[in-house]
**Student:** 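Pasting in a structure now, in structure tokens, and then I'll have a few things to ask.
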Amino acid sequence: SQQGEEDPQALSIQEGENATMNCSYKTSINNLQWYRQNSGRGLVHLILIRSNEREKHSGRLRVTLDTSKKSSSLLITASRAADTASYFCATHFLIQGAQKLVFGQGTRLTINP
Amino acid sequence: DAGVIQSPRHEVTEMGQEVTLRCKPISGHDYLFWYRQTMMRGLELLIYFNNNVPIDDSGMPEDRFSAKMPNASFSTLKIQPSEPRDSAVYFCASSFGLASYNEQFFGPGTRLTVL
């Protein structure tokens, strides 16, 4: 399956610490995106990294992409209680001429005050 | 902008009943997506539209599911007849133009419970 797989499934850290989540996928992609979902809400787009990029920053977020290993990581620095949410990677690719955006199962992040 | 609007937010129905979920995309967006989220299967794309035309419905689970987009500001997802295994949160998302797969804007979802 093309679906991205996040690791770990759940992560609990103290406020102020850094949180790292990983995503692995199986075939070539156009880009990889990270979304956040707060409990009971829809997903919110965080950041996109294209297949020819290796690293991207947005505020406290840092995303890396290693196409040779077919993996990506999302780093949240100086975590805050408000960062508590589920984080999903989504891989964008073409299959038989059709665009697909497939979401992983997500990582549940809990920031303890 | 109010964002993507979905209604109802919660729906509880009995097996066999017809269920209609509604979505109003962000004004100006020309792509609309319907997703289903469950604990077991995660987030699944059911169908998406471009300029009101269904483009890919390969994710629609079976004939009991149907989706329409009669105009640029409204879409429905219908389940008839509903079954307990259809219980899930259904999300609608919209996006704009060539970046359609670069950033999707999600609605708050409809939590469906089929008894």
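Naming: A, B, ... by sequence-line order, numbering from 1 per chain.
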**Student:** Can you get from B:Leu32 to B:Tyr90 by hopping between Ile, Leu, Val, Met, Phe, Trp and Tyr side chains that sit under 4.5 Å apart?
**Tutor:**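 Yes, one cluster joins them.
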**Student:** So for atom CG, which belongs to B:Asp63, do other residues, nucleotides or ligands contribute more than 12 heavy atoms lying within a distance under 6.0 Å?
**Tutor:** no
**Student:** Test A:Lys100 against B:Leu45 for side chain to side chain contact (heavy atoms under 4.5 Å, CB included), laying out the working first.
**Tutor:** CA-CA 9 Å; A:Lys100 297 287 186 184; B:Leu45 176 66; 5.5 Å; no
**Student:** Clusters formed by hydrophobic residues whose side-chain heavy atoms approach within less than 4.5 Å: which one holds B:Met39, and what are its other members?
**Tutor:** none
**Student:** Got more than 12 heavy atoms from elsewhere within 6.0 Å of NZ, A:Lys56?
**Tutor:** yes
**Student:** Establish whether A:Ile111 and A:Leu61 are linked, either directly or via other cluster members, by ILVMFWY side-chain heavy-atom contacts under 4.5 Å.
**Tutor:**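 Yes; A:Leu61 is reachable from A:Ile111 via cluster members.
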**Student:** Can you list the residues of residues 12-20 of chain B that sit under 4.5 Å from chain A, counting heavy atoms only?
**Tutor:** none
**Student:** Is the CD atom of A:Gln9 crowded by more than 12 outside heavy atoms at less than 6.0 Å?
**Tutor:**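 Atom CD in A:Gln9 is not packed in, count stays at 12 or less.
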**Student:** Is it true that B:Ile47 and B:Tyr35 fall in one hydrophobic cluster, defined by side-chain heavy atoms closer than 4.5 Å?
**Tutor:** no
**Student:** Heavy-atom count around A:Arg50 CZ within 6.0 Å, excluding the residue itself: above 12?
**Tutor:** no
**Student:** Quick one: which residues of residues 36-43 of chain A reach chain B at under 4.5 angstrom, heavy atoms only?
**Tutor:**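 Residues of residues 36-43 of chain A touching chain B at under 4.5 Å: A:Gln37, A:Gly40, A:Arg41, A:Gly42, A:Leu43.
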**Student:** With a strict 4.5 Å heavy-atom criterion, list every residue of residues 106-115 of chain B that contacts chain A, or say none.
**Tutor:** B:Phe106, B:Gly107, B:Pro108
**Student:** For the hydrophobic clusters of this structure (ILVMFWY residues joined by side-chain heavy atoms under 4.5 Å, transitively), does one cluster hold both B:Ile5 and A:Val44?
**Tutor:** no
**Student:** Take atom CZ in A:Arg60; do more than 12 heavy atoms of anything else shown fall under 6.0 Å from it?
**Tutor:**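 Counting neighbours around CZ of A:Arg60, more than 12 heavy atoms of other residues, nucleotides or ligands fall under 6.0 Å, so yes.
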**Student:** Is there a chain of hydrophobic side chains (I, L, V, M, F, W, Y, each step under 4.5 Å between heavy atoms) that links B:Trp34 to B:Phe105?
**Tutor:** no
**Student:** Starting at CG of A:Leu46, measure out to CD of B:Glu103 and round the result to the nearest 0.5 Å.
**Tutor:** 9.5 Å
**Student:** B:Gln37 versus chain A, heavy atoms under 4.5 Å apart: side chain, backbone, both or neither?
**Tutor:** side chain
